[in-house]
Amino acid sequence: MNNEKIYIIAIDGPAGSGKGTVAKEISKKLHYHYLDSGAIYRIIALACLKQDINFKDNQELIKLLQKTYISFKQGDSFLDKQNVSNEIRDEQVGKVASQIAQNINLRNSILNYQRNFAKFPGLVAEGRDMATVVFPQAHLKIYLDASVAERAKRRYKQLILKGINVNIGTLASEIIARDKQDMEREHSPLAVDKDSIVLNTDNLSIEQTVNKILDYINTTGADGTKPSAKK
Ligand code: DC
């Protein structure tokens with residue numbers, strides 16, 4: 001069993017591209033492990049907010065990391081022993097996550113933690129640098145994209161369903177600002193890897209997107225049926 005190949009599917013993309021829902025669904029269908037790397041950044045961001053840490057100070061951030069215990073269990077996210085699955089989805093937490101994600105020491109210190117999610121039979125890993133940095137050896141690399149207008153519309157619908165009244169124009173501006181921060185940072189910016197397949201989801205439902213990726217998986221052998229079919 002130990003020598004069996006672990007198949008890795010990397011799904012990257014900007015906020016609101018649908019990568020979370022899609023990656024989770026694929027991992028369920030294939031019975032693969034799942035890594036939501038954004039949740040790691042969000043948990044650290046939440047810890048900064050709760051403990052009033054000046055996250056722009058490198059020393060403070062590293063000190064915090066050394067005493068913070070991050071874990072995931074059955075789809076839930078934990079900060080130390082507290083279930084913070086809902087709290088980390090807060091807009092403010094997302095903003096701070098994007099800011100601390102610029103810190104190279106922080107990124108390096110969680111690199112192995114992320115890589116340890118790769119377990120037999122496979123892993124679906126989603127984030128910003130899954131294909132470029134964390135799993136450059138991934139068997140299939142997908143970059144999920146969508147226009148700002150479409151992503152703002154999706155976010156608007158989600159918030160309205162939660163009973164939160166927002167302005168769609170404000171949401172679009174926030175999305176543009178987050179994209180800029182994630183794409184223009186110095187270390188591991190959100191970028192399309194040279195081996196990535198770019199999928200625009202503007203006119204695709206979640207189900208259609210999942211099916212398209214499952215088709216790629218079948219043709220590249222990322223499900224283990226044709227192990228060396230790719231390159
Ligand atoms: O995917 P998300 O919105 O939950 O991610 C929150 C922030 O975390 C995102 O704006 C940038 C950062 N992030 C990152 O830098 N690298 C990743 N692999 C995942 C997230």
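If you're wondering where the values come from, they're calculated on a predicted model, not measured in any experiment. Read the numbers this way: they start at 1 and go in the same order the structure lists the ligands and their atoms.
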Checklist entry - Any salt bridge (charged side-chain N to carboxylate O under 4.0 Å, His left out) pairs touching residues 33-52, not counting sequence neighbours? => result D36-R89, K50-E87

Checklist entry - Is the F117 to H33 ring centre distance short of 6.0 Å? => result no

Item to check | Side chain K141, main chain P136, donor-acceptor under 3.5 Å | outcome: yes

Next on the checklist: When you compare the side chains of R178 and Q181, does any donor N or O come within less than 3.5 Å of an acceptor on the partner?
Outcome noted: no

Next on the checklist: Please output the residues near ligand 1 using a strict heavy-atom distance under 4.0 Å, listed in chain and residue-number order.
Outcome noted: K19, S37, G38, Y41, R42, R89, A97, S98, A101, R107, G127, R128, D129, M130, R178, D182, R185

Checklist entry - Would you say the side-chain atoms of R128 pair up with the backbone N or O of S188, donor to acceptor, closer than 3.5 Å? => result no

Item to check | Main-chain N/O of L190 paired with D182 side-chain donor or acceptor, under 3.5 Å | outcome: no

